[in-house]
There are 2 protein chains.
Amino acid sequence: MKKTITLKNVAADAGVSTTIASRVLGNYGSFSDETRVKVLQSAEKLNYQPNRIAQALRAGNTKAIGVIVNSVTDTFWMNLFRGIESTAQKYGYQVFLCNSDNGQSEKEQSFLQALNERNVDGIILSPALGTHPFLRKIHRGKLPLVLVDSKVEGLDVSSIIIDNVGGAFEAVEYLISLGHKDIAVITGYHDSPTSIARLDGYKRAHKMYSLPVKESLIESGDYTQQGAYDATLRLLKSGNKFTALFVSNESMTRGALKALDTAGLKVPDNISVIGWDNPEWISILNPALTVVDGLPFDIGTMACQTLLNEIEMKDDNNNKKSITIKTELVKRFSCGNIN
Amino acid sequence: MKKTITLKNVAADAGVSTTIASRVLGNYGSFSDETRVKVLQSAEKLNYQPNRIAQALRAGNTKAIGVIVNSVTDTFWMNLFRGIESTAQKYGYQVFLCNSDNGQSEKEQSFLQALNERNVDGIILSPALGTHPFLRKIHRGKLPLVLVDSKVEGLDVSSIIIDNVGGAFEAVEYLISLGHKDIAVITGYHDSPTSIARLDGYKRAHKMYSLPVKESLIESGDYTQQGAYDATLRLLKSGNKFTALFVSNESMTRGALKALDTAGLKVPDNISVIGWDNPEWISILNPALTVVDGLPFDIGTMACQTLLNEIEMKDDNNNKKSITIKTELVKRFSCGNIN
DNA sequence: ATGAAAGCGCTAACAG
DNA sequence: CTGTTAGCGCTTTCAT
């Protein structure tokens with residue numbers, strides 16, 4: 001049972017007061033060169049580790065932030081986290097990662113509560129609808145918050161938004177430019193703003209090029225692989241003709257691809273496909289899949305930067321911002337020319 | 001600027017001492033029913049949130065653990081994390097996630113240092129070789145540690161080990177049972193214990209069935225997709241005949257598959273393939289890939305359970321254990337019968 | 001240049 | 001059943 005070395009021990013060993021020891025180690029205030037050497041030597045000798053908990057209690061900040069993600073095995077979320085963590089690390093912050101398991105509101109709320117009690121300096125998340133009231137309540141305590149691809153009514157905080165409309169528009173526009181006129185789409189939950197925006201982009205592209213939007217070619221895959229698998233099969237069995245398919249997230253892309261394969265359809269010969277999100281496995285598919293990349297790493301970086309700014313901005317400037325990050329259409333070989 | 005509500009405020013509001021308030025809210029010691037009601041009401045009214053930082057300072061434990069993973073976008077590591085996080089959450093612990101970016105030792109050490117200063121109650125990691133000395137040093141401070149698929153000489157801590165030898169053995173044995181006699185293997189770093197163990201399993205299966213081990217069929221892919229791509233191509237160009245390929249992690253599996261595809265080889269008609277690790281995308285491949293699943297979720301669960309046990313075991317029972325988790329051969333359709 | 005002492009918010013002896 | 005008090009480890013006035 002080794003005793004833990006405190007500042008007091010160092011000070012005693014160096015023959016000075018804790019005040020001085022603290023100053024030397026924190027490198028502020030004034031002290032003689034001689035004492036500095038003594039203190040540093042003692043600290044080194046005793047292998048002193050500052051206690052950040054005590055510092056946090058005193059300073060009122062923990063240099064820790066919380067991140068709540070929807071899934072810990074999904075490319076989008078983990079690249080988002082990667083962006084967050086790497087910039088947090090740069091500024092000496094540590095990050096608590098919590099997994100809401102596909103946006104379960106109770107989980108989100110309990111994490112939010114826990115993170116708040118732990119006095120994290122800020123939180124990044126993309127809250128489920130059910131979490132909005134709780135979020136408003138918790139934010140009254142002035143806990144800095146940054147939202148990812150979402151907004152909460154009545155909550156004046158910054159958010160980093162994916163250009164869902166633009167990304168979908170660009171994808172569909174590309175398909176149209178290849179001569180496709182019957183483009184099916186598999187969306188997420190009907191009531192998810194993200195999902196709605198992507199569908200909106202799909203529709204806008206149709207309008208722009210004077211193509212009719214056929215409701216029969218719009219199916220929901222509930223954001224899951226199985227859901228998209230079923231949706232694709234429904235589409236296929238309906239008899240409504242379509243030459244291209246646009247799928248709006250990673251797991252649904254897997255489901256759709258599998259369904260097309262079981263149906264014996266070849267990409268891009270029988271059907272063109274565009275997915276959303278850009279996991280590494282997509283490039284080894286044959287043909288490699290064309291996708292809309294939401295650039296989650298960049299979003300994470302941006303989100304963290306924004307959060308840290310707000311945390312360290314002592315004055316209460318209320319310049320909350322909403323930043324939209326453009327998506328990137330990564331053209332590979334899953335879309336054929338129909339002309 | 002809303003003031004933060006402390007225990008003192010609650011006590012004052014309820015007209016009792018902080019001691020009593022603390023007891024009521026912590027539900028220990030004795031107090032009258034009447035005061036309990038008063039305190040609870042005041043806490044509710046003022047929306048009191050306990051300050052875990054202060055609690056941590058007092059109690060000497062933070063109810064937080066640290067996890068360092070090699071990659072935050074790799075299925076194995078993230079499922080490991082999922083297992084850790086979900087059990088940590090069950091016991092009221094929060095987890096700091098750090099990304100060593102493929103086991104960079106400097107990163108590991110700086111995270112280790114940071115986590116230690118933050119007084120996390122314990123750490124789970126799979127240290128790079130370069131980190132071993134630092135780990136020994138830091139552990140002298142009695143910080144509970146659990147290792148994943150690794151051991152550190154001179155460090156008496158528990159570890160949860162993947163059955164690398166057994167898993168590889170089983171995979172190769174399966175190929176042999178299918179009639180394969182020339183089985184190529186793509187390994188990770190030559191000096192990685194994990195890699196060595198998997199190769200050992202490969203060799204043992206050969207011995208067991210009296211098949212010669214051909215060094216020319218053993219190539220290193222350096223744990224990367226590109227590395228495995230190159231290794232596979234080298235294997236192919238060497239002219240040494242082989243009818244099956246065993247690849248020993250996820251990213252290398254991608255590389256090997258891609259190389260086989262560019263070479264125009266069909267799985268399993270021209271060549272049988274077994275991968276390691278079981279990401280979701282593997283099931284949508286056609287044919288779906290047979291793999292050795294290291295069951296990272298189970299390992300994570302086990303690791304966290306072990307760590308929490310050691311943390312909460314007040315008495316210094318020195319029963320460090322080494323637990324081996326069996327792998328699971330998931331048979332799908334990428335292996336053909338050669339007879 | 002240095003040190004004594006207060007206090008961040010909480011809990012736990014110890015009295016009463 | 002309740003309150004007083006000390007102290008976790010640190011930083012920071014405020015004297016000296």
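A, B, ... follow the sequence lines: proteins, then strands. Residue 1 opens every chain.
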Under 3.5 Å, which donor-acceptor pairs link side chains of residues 80-87 of chain A to any protein atom two or more places apart or in another chain?
{"unit_1": "A/Arg82", "atom_1": "NE", "unit_2": "A/Asn79", "atom_2": "OD1", "d": "2.9"}
{"unit_1": "A/Arg82", "atom_1": "NH2", "unit_2": "A/Asn79", "atom_2": "OD1", "d": "3.2"}
{"unit_1": "A/Glu85", "atom_1": "OE2", "unit_2": "B/Asn99", "atom_2": "N", "d": "3.2"}
{"unit_1": "A/Ser86", "atom_1": "OG", "unit_2": "A/Arg82", "atom_2": "O", "d": "3.2"}
{"unit_1": "A/Ser86", "atom_1": "OG", "unit_2": "A/Gly83", "atom_2": "O", "d": "3.3"}

Item to check | Value in whole Å for how far the C1' atom of D/dT16 lies from CZ of A/Phe31 | outcome: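 Atom CZ in A/Phe31 sits about 20 Å away from atom C1' in D/dT16.
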
Checklist entry - Whole-Å distance between C/dT11 P and B/Leu25 CG? => result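 Answer to the nearest Å: 8 Å.
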
Please check the phosphate of [N] (OP1 and OP2 only) for any side-chain N or O of [X] closer than 4.0 Å.
X	N	answer
B/Ser30	D/dC1	yes
A/Thr35	C/dA1	no
A/Ser22	D/dT11	yes
B/Tyr28	C/dA12	yes

Checklist entry - Do A/Ile65 and A/Ile311 come close enough that some side-chain heavy atom pair is under 4.5 Å? => result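 They are in contact (side-chain heavy atoms under 4.5 Å apart), so the answer is yes.
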
Next on the checklist: Is it true that B/Gln109 and B/Ser105 share a donor-acceptor pair across their side chains at a distance under 3.5 Å?
Outcome noted: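 Present: a donor and an acceptor within the cut-off.
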
Checklist entry - Hey, what's the ring geometry for B/Phe96 with A/Phe96, parallel, tilted or perpendicular (30° and 60° as the breaks)? => result parallel

Checklist entry - Salt bridge or not for A/Glu153 and A/Arg136, using N-O below 4.0 Å? => result no

Anything under 3.5 Å between a donor and an acceptor, one on a side chain of residues 12-20 of chain B, the other on a protein residue two or more places apart or in another chain? List them.
{"unit_1": "B/Asp13", "atom_1": "OD1", "unit_2": "B/Ser42", "atom_2": "OG", "d": "2.6"}
{"unit_1": "B/Asp13", "atom_1": "OD1", "unit_2": "B/Lys45", "atom_2": "NZ", "d": "3.3"}
{"unit_1": "B/Asp13", "atom_1": "OD2", "unit_2": "B/Lys45", "atom_2": "NZ", "d": "3.0"}
{"unit_1": "B/Ser17", "atom_1": "OG", "unit_2": "B/Thr19", "atom_2": "N", "d": "3.4"}
{"unit_1": "B/Ser17", "atom_1": "OG", "unit_2": "B/Ile20", "atom_2": "N", "d": "3.3"}

Checklist entry - How does each nucleotide of nucleotides 3-9 of chain C score, in 5' to 3' order, for protein heavy atoms under 4.0 Å: base (B), sugar-phosphate only (S), or none (-)? => result BBB-BBB

